[in-house]
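As structure tokens, the structure follows; a few thoughts come after it.
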Number of protein chains: 2
Amino acid sequence: MIKILVVDDEPQIARALRINLSAHGYEVTTAPDGARALRAAAAIVPDLVVLDLGLPDMDGTEVIAGLRGWTGVPILVLSGRAASAEKIAALDAGADDYVTKPFDIGELLARVRAATRRGGTGTESPVTEIGSATVDLAAREVQRGGEEIRLTKTEWQLLEVLLRNPGKLVSQRELLHRVWGPNYGSETNYLRQYMAQLRRKLEPDPTRPVYLLTEPGMGYRFRP
Amino acid sequence: MIKILVVDDEPQIARALRINLSAHGYEVTTAPDGARALRAAAAIVPDLVVLDLGLPDMDGTEVIAGLRGWTGVPILVLSGRAASAEKIAALDAGADDYVTKPFDIGELLARVRAATRRGGTGTESPVTEIGSATVDLAAREVQRGGEEIRLTKTEWQLLEVLLRNPGKLVSQRELLHRVWGPNYGSETNYLRQYMAQLRRKLEPDPTRPVYLLTEPGMGYRFRP
DNA sequence: GTCACCTTTGACGGTTTCTTGATGGTCGAT
DNA sequence: ATCGACCATCAAGAAACCGTCAAAGGTGAC
């Protein structure tokens with residue numbers, strides 16, 4: 001069953017969406033604000049997120065960014081604002097579609113079908129092999145020989161950036177930007193510290209990295 | 001470069017789209033009707049199709065079906081009709097997005113980015129051939145016969161300037177400026193040192209360069 | 001409040017890379 | 001043929017960078 005996370009602070013709309021989507025065979029979870037939406041997304045790993053931008057606790061683009069930090073799940077944005085700038089901001093933050101309220105429920109369902117159709121046929125396999133370990137970015141889980149390996153939040157973020165660019169060199173500046181934020185760019189000691197931790201947890205021989213490679217003076221690279 | 005196929009029978013709109021998309025770095029091909037659109041799509045294999053529904057020869061959904069028969073390329077539909085039934089029909093036929101005219105060009109570009117982000121992120125980046133070696137500037141990777149060739153930071157910077165100006169002579173002064181910074185301009189011994197290293201790593205016969213050529217007294221040139 | 005865990009800093013040895021100087025060879029001009 | 005300018009190559013010291021260890025702040029759970 002296709003799982004959809006509906007994020008909306010207005011109970012009526014959330015209820016209407018739940019009824020309509022459930023009637024069409026989707027498994028619906030709802031969240032009333034950004035913080036709970038992010039937790040719910042991590043917990044249930046939905047196939048689609050329907051996100052209302054007018055949330056009480058966070059800006060809509062923050063929620064999108066929070067999701068995009070670790071998942072490529074399709075995001076369909078609902079909003080009362082029709083201004084192009086709003087749409088552009090949401091789409092560039094990582095949203096897949098933008099529908100303005102009031103919306104036709106039939107059209108919304110069609111867009112939901114279009115978005116989930118993609119996700120279903122999505123060619124990306126969710127797990128990555130690193131030697132004898134398997135990394136599941138969507139589920140945020142690493143296993144090796146049946147044993148589970150725990151990674152901290154920062155380790156995940158760093159590993160994800162590298163794994164999403166297989167074979168590609170990722171510069172130190174970009175890694176620092178994507179993990180620690182735009183105000184960081186020269187703190188290469190952070191990278192050294194966390195790359196060492198990742199290697200200890202993932203590499204067969206941490207002293208001789210085979211998958212998480214250093215390119216001196218430039219950055220790091222994940223070789224599949 | 002990301003390739004976009006624009007299908008529109010109105011020359012003005014097609015032209016406007018071509019100009020805007022080209023200005024943002026896309027490679028644009030246009031087709032004025034459905035039949036030629038399907039042929040063009042098969043010929044160039046675009047990363048995105050922007051499709052106007054009001055074509056003279058075929059119904060829009062037929063064009064979508066014709067594409068979906070063999071490709072999963074993202075399809076962004078443009079249409080003058082805002083009726084929900086039209087949108088639903090197009091989306092269910094296989095379109096990924098539906099924008100009604102008149103549309104804001106900024107929003108359209110954002111939707112183009114969203115669509116290409118999904119499908120276009122296919123990990124393929126442009127490579128340059130240097131003899132039997134392939135150079136991937138985006139991934140910072142050089143391979144020859146399956147073997148990986150490592151380049152240092154400075155070697156990459158120098159090689160990148162030359163490869164981004166294929167066939168063109170790049171003066172010594174410009175090379176020094178772009179690699180070592182504006183305070184350098186006469187240290188030609190640096191260039192000799194690093195050109196020799198690049199040739200040793202890339203040229204089939206480093207003593208007789210064929211791709212990385214010296215223009216005595218002027219500069220260096222990459223011949224594809 | 002205490003504890004455990006994670007993040008942020010600081011410091012040091014070893015290795016790679018960059019810089020610099022010197023030598024010999026090639027080409028064109030005189 | 002000789003000379004000078006320019007380039008390729010070699011070699012060695014200097015600098016930058018990385019991996020590692022250790023420990024000081026933060027933060028949330030209980």
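First the proteins, then the strands, lettered A, B, ... as listed; each starts at 1.
- Remark: B/Thr214, B/Pro216, B/Gly217, B/Tyr220 in residues 213-224 of chain B come within less than 4.0 Å of DNA chain D through at least one heavy atom.
- By the 4.0 Å N-to-carboxylate-O rule, A/Lys3 lies too far from A/Glu27 to be salt-bridged with it.
- A/Glu203 places its CD atom 14 Å from the C1' atom of D/dG19, with the value rounded to the nearest Å.
- Between A/Arg199 and A/Thr214, the side chains place a donor N or O and an acceptor N or O closer than 3.5 Å (distance only, hydrogens not considered).
- Electrostatic pairing of A/Glu174 and A/Lys168 does not count as a salt bridge here, judged by no charged N lying under 4.0 Å from a carboxylate O.
- Note on A/Trp180: every side-chain N or O is 4.0 Å or more away from OP1 and OP2 of C/dT7.
- A salt bridge links B/Arg68 and B/Asp96; the closest N-O separation between the charged side-chain nitrogens and carboxylate oxygens is under 4.0 Å.
- One can place CD of A/Gln172 at 8 Å from P of D/dC17, the figure rounded to the nearest angstrom.
- In this entry the distance linking NZ of B/Lys153 with C1' of C/dC18 reads 11 Å, nearest Å.
- One can place CG of A/Leu212 at 15 Å from P of D/dC18, the figure rounded to the nearest angstrom.
- One can place CG of A/Leu158 at 11 Å from P of C/dT7, the figure rounded to the nearest angstrom.
- By the 4.0 Å N-to-carboxylate-O rule, B/Arg111 lies close enough to A/Asp97 to be salt-bridged with it.
- Checking the phosphate oxygens (OP1, OP2) of C/dT26, no side-chain nitrogen or oxygen of B/Arg208 falls inside 4.0 Å.
- Between the side chain of B/Arg144 and the backbone N or O of B/Ser132 there is no donor-acceptor pair closer than 3.5 Å.
- Atom C1' of nucleotide C/dT9 and atom CG of A/Leu176 are separated by 15 Å, given to the nearest angstrom.
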Original post:
Can you check ring-ring contact (aromatic ring centres under 6.0 Å, His included) on B/Trp180 and B/Tyr194, steps first, answer last?
Top reply: CA-CA 12 Å; B/Trp180 279 270; B/Tyr194 280 96; 5.7 Å; yes

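- Taking 4.0 angstrom as the limit, A/Thr154 places none of its side-chain polar atoms (N or O) nearer than this to OP1 or OP2 of C/dC6.
- Contact between the side-chain N/O atoms of A/Tyr190 and the OP1/OP2 oxygens of C/dT7 is not found at any separation under 4.0 Å.
- Across all strands shown, B/Thr188 has no heavy atoms under 4.0 Å from either base or sugar-phosphate atoms.
- Look at A/Lys201 and A/Glu155 and you find a salt bridge, because one of the NZ, NE, NH1 or NH2 atoms lies within 4.0 Å of a carboxylate O, short of that distance.
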Using a cutoff of under 3.5 Å, can you pull out all pairs of nitrogen or oxygen atoms linking the protein to nucleotides 20-30 of chain D, with atom names and distances?
none

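- Regarding B/Glu187, its CD atom lies at a distance of 15 Å from the P atom of D/dC6, rounded to whole Å.
- To the nearest angstrom, P of C/dC18 lies 10 Å from CZ of B/Arg150.
- Ion pairing between a basic and an acidic side chain is recognised when a charged N comes within 4.0 Å of a carboxylate O; A/Glu215 and B/Lys153 show no such pairing.
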